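Data first, discussion second: the structure below is written as structure tokens.
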Amino acid sequence: MSNKPDFVSIGDVSKHFGSVRAVDGVSLDIAQGEFFALLGPSGCGKTTLLRILGGFEAPNSGNVHIDGADMTLQPPNRRPVNMVFQNYAIFPHLNVRENIGYGLRKEGLSKQQIAERVDEALATVKLEGLGGRGATEVSGGQRQRVALARALVKHPKVLLLDEPLSALDKNLREQMRVELRALQQQVGITFIFVTHDQEEALSMADRIAVMFDGKVRQVDTPEHLYETPRSKDVAAFIGSMNFIDATVEGADGDALIVDAGPVGRIRAGLPADGAPAAGTTVIVGIRPEKLILADSPPGEGANSIRARLTAASYLGERSHYFLQVDGLAEPLSIARQNTQAQLLHEADAGSELWLTWSPASGIVLPAAG
Amino acid sequence: MNLLANLRRPDGLLGYSILYLIFLYVPVLFLPLFSFNDSIYITFPLSGFTTQWYEKMIESEVLLNALGNSVKVAACVSVISTILGTLAARAFTRYRFAGRKPMLGLLVLPLVVPGIILGIALLIMMNWAGIELSLVTIGAAHVLIATPFATFVMISRLEGFDANLEEASRDLGESGWTTFWRVTFPLAYPGIVASLLLTFTESFDEFILAFFLAGNEATLPLYIWSQLRFPKTLPVVLALGACILLASFIVITFAEWVRRRGVKPVESDS
Ligand SMILES: Nc1ncnc2c1ncn2[C@@H]1O[C@H](COP(=O)(O)OP(=O)(O)O)[C@@H](O)[C@H]1O
Ligand SMILES: [Mg+2]
């Protein structure tokens with residue numbers, strides 16, 4: 001596959017509803033064959049952006065190109081794009097086969113060819129044998145498959161999915177993550193899907209665009225997004241994170257030395273775009289699972305601080321602990337896999353422990369945002 | 001139907017339902033009963049079986065003329081009010097516009113204003129505007145009261161299906177026009193049929209507005225009313241009433257059946 005990096009190209013697109021800037025100057029390039037997620041809290045403009053790609057909303061400004069062709073003003077029926085709607089929008093007056101074949105009538109195929117394409121689509125989504133069922137006689141999960149098949153049967157260049165798993169119950173949702181990902185690999189079509197569930201985006205997507213208030217804040221692979229978020233907002237939205245205010249002192253090899261007030265002088269990871277100037281105020285973010293509890297101070301190189309246990313919660317495969325460092329406004333949160341039996345309990349509250357972490361676990365973020 | 005469901009339920013409601021049905025339907029059943037009675041007097045005991053009143057009915061040219069007028073007016077009214085109602089229902093269900101709620105409230109007004117007030121008001125207005133009274137003025141008044149019915153029938157129909165269905169059709173390659181024929185119309189048509197039939201009967205048996213707004217052509221209810229002064233023709237009116245009763249029953253049952261039969265909306269899990 002010749003993977004065109006700008007197969008879907010969104011150029012400075014804005015969409016306003018009255019005074020609401022639903023989409024605010026978004027530019028994105030999505031590669032051919034990519035599984036791309038639009039992730040953000042409810043109301044951040046994900047659906048609106050997806051609807052602009054599908055042709056259901058005209059942007060106030062900016063443009064949309066798909067495979068090189070300008071699609072900005074094309075109506076939905078003239079775009080090589082299909083959509084799986086959030087509520088699936090299955091035609092209730094048609095049966096499963098008729099739903100799936102709905103979009104093939106305009107393709108100039110014979111009855112025979114249409115039947116073959118529908119059969120193929122039914123097999124792709126594992127609904128063989130249900131073709132004759134009425135649209136109202138299938139379960140929610142099956143309806144989702146019908147919606148998928150109905151779109152895929154058109155062989156679109158891009159498939160748009162709006163919160164495709166949100167209407168399913170938890171078990172089915174987790175199973176469908178794997179299945180949807182496998183399906184995308186199998187058909188090789190570019191998928192753009194919208195979700196507010198960060199776990200869903202991390203587990204399925206090749207790349208994720210994180211949106212807040214109509215703006216794209218970061219576009220990255222799941223791993224980069226989690227390990228090197230570029231702002232406090234993104235870091236807080238993807239997983240959870242401890243934030244410590246600090247002032248830059250200088251760089252030392254591949255670490256940045258910062259003065260973190262009550263936590264003292266610590267070493268943090270050097271940002272990819274180089275060390276900020278000495279004196280810059282920054283925020284150091286540390287993931288809860290990267291803080292390690294210890295009984296004694298660690299060796300050279302690692303950061304460490306003495307802290308007091310304030311709360312412990314047991315979650316089965318892991319536990320969450322909260323430790324207060326004197327002078328910090330909020331306790332630090334620590335997550336630990338319960339691999340050894342040595343658990344801390346609520347009863348241990350007040351006991352003093354050492355917290356240590358490697359310099360690379362400290363992510364340096366700009367102080368604003 | 002609820003009544004039927006209750007009938008099958010062995011509790012206090014059963015007796016009540018039966019009494020209710022007797023109260024509702026027995027007086028109506030006197031109509032067909034006396035229409036076959038061989039006497040001009042509407043009293044018991046019955047004096048024998050005859051179909052002469054039905055024969056007289058068919059022979060009466062004035063009656064058939066009035067019937068024709070009523071059918072003409074009702075047909076026009078049902079088509080016009082159903083079109084208006086469908087368009088209004090589409091606006092109410094698909095768009096959010098300023099004044100949507102108050103307008104929905106105003107729509108009920110013709111249904112709650114007493115017919116006699118509406119009749120007088122329309123008569124004054126027609127006089128003022130210099131419009132000659134005729135079947136057309138009756139039809140116009142009937143459109144006024146039938147449109148709210150049509151609108152409510154169509155709103156309940158269109159609310160049952162999701163606007164995304166039309167978008168899905170566009171997404172799958174259909175134009176706006178073919179989407180209307182492949183999605184909107186099939187889903188709305190049971191409502192359209194029900195609306196046509198309901199507004200037809202609404203106009204067909206309307207009396208007060210027709211009374212105020214009639215020119216020199218009478219509709220069937222006006223004709224019947226005029227015949228009540230002549231005892232000799234009363235049984236003919238009963239025969240006519242029985243026929244109308246039967247026809248209305250068939251039409252309304254059919255309308256309800258179509259309306260209920262239609263497509264159940266897909267309930268969403270979210
Ligand atoms: N048709 C519309 N009319 C008015 N406001 C809208 C419309 N669609 C979306 N919005 C507003 O735009 C913002 C973004 O909405 P949406 O794209 O649906 O967000 P998301 O899918 O991320 O939850 C919200 O504030 C929403 O209320
Ligand atoms: Mg949404």
Side-chain angles (χ1 to χ4, degrees), chain A residues 17-18 47 50-51 53-57 74-94 98-108 134-141 143-144 146-147 150-151 153-154 156 159-160 162-163 165-169 172-173, chain B residues 86 89-90 93-101 153-195 255 257-270:
Chain A
F17 294 108
T47 296
L50 204 69
R51 288 172 59 82
L53 291 175
F56 300 108
E57 306 280 359
Q74 292 294 326
N77 46 328
R78 301 253 185 78
R79 296 188 183 212
V81 163
N82 286 107
M83 179 124 155
V84 174
F85 289 83
Q86 186 162 8
N87 56 5
Y88 310 141
I90 302 298
F91 302 119
H93 57 303
L94 303 177
E98 290 163 338
N99 261 283
I100 296 173
Y102 186 92
L104 293 179
R105 212 178 66 162
K106 283 279 165 73
E107 309 233 315
T136 48
E137 296 164 359
V138 296
S139 71
R143 241 180 280 153
Q144 186 207 32
V146 175
R150 187 176 68 178
V153 78
K154 297 269 294 171
L159 186 71
L160 308 173
D162 192 357
E163 308 255 5
L165 307 183
S166 67
L168 306 178
D169 60 43
L172 192 53
R173 197 155 63 216
Chain B
T86 306
R90 219 189 124 76
T93 52
R94 291 288 179 270
Y95 303 102
R96 300 277 164 268
F97 49 89
R100 182 175 167 273
K101 280 267 164 64
V153 169
M154 293 313 295
I155 283 179
S156 75
R157 189 68 216 167
L158 293 183
E159 264 174 356
F161 78 89
D162 172 5
N164 273 347
L165 293 176
E166 285 157 358
E167 290 188 339
S169 170
R170 301 298 308 277
D171 187 66
L172 293 165
E174 298 291 348
S175 66
W177 180 241
T178 49
T179 290
F180 179 81
W181 286 113
R182 291 191 74 188
V183 177
T184 318
F185 184 74
L187 289 176
Y189 108 93
I192 292 174
V193 172
S195 166
W257 177 74
V258 169
R259 199 175 68 76
R260 278 155 195 272
R261 191 195 64 128
V263 192
K264 276 178 259 123
V266 182
E267 78 284 2
S268 90
D269 310 65
S270 52

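All chains are named by letter (A, B, ...) in the order of the sequence lines, taking the proteins before the strands, and each is independently numbered beginning at 1. Only a predicted model underlies this, so the values are computations on that prediction, with no experimental measurement involved.
Taking 4.5 Å as the limit, some side-chain heavy atom of Pro92(A) sits within range of a side-chain heavy atom of Leu165(B). Here the side chains of Glu167(B) and Arg51(A) are in contact, with some heavy-atom distance below 4.5 Å. Counting heavy atoms from C-beta outward, Arg170(B) and Asn77(A) have side chains that approach closer than 4.5 Å. For the pair Arg182(B) and Phe91(A), the minimum side-chain heavy-atom distance is 4.5 Å or more.
With a threshold of 4.5 angstrom between heavy atoms, Phe56(A) approaches chain B through side-chain atoms but not through N, CA, C or O.
The minimum heavy-atom distance linking Ala168(B) with Phe85(A) is given by the pair CA-CE1, 3.5 Å. The two residues Asn82(A) and Asp171(B) have their closest heavy-atom pair at ND2-O, 2.9 Å. The shortest non-hydrogen separation linking Gly173(B) to Lys106(A) is O-CG, 4.0 Å.
With values rounded to the nearest 0.5 angstrom, Leu187(B) atom CG is found 8.0 Å from Leu94(A) atom CG.
In this structure, Arg78(A) places its CZ atom where only 12 or fewer heavy-atom neighbours from other residues, nucleotides or ligands lie under 6.0 Å away.
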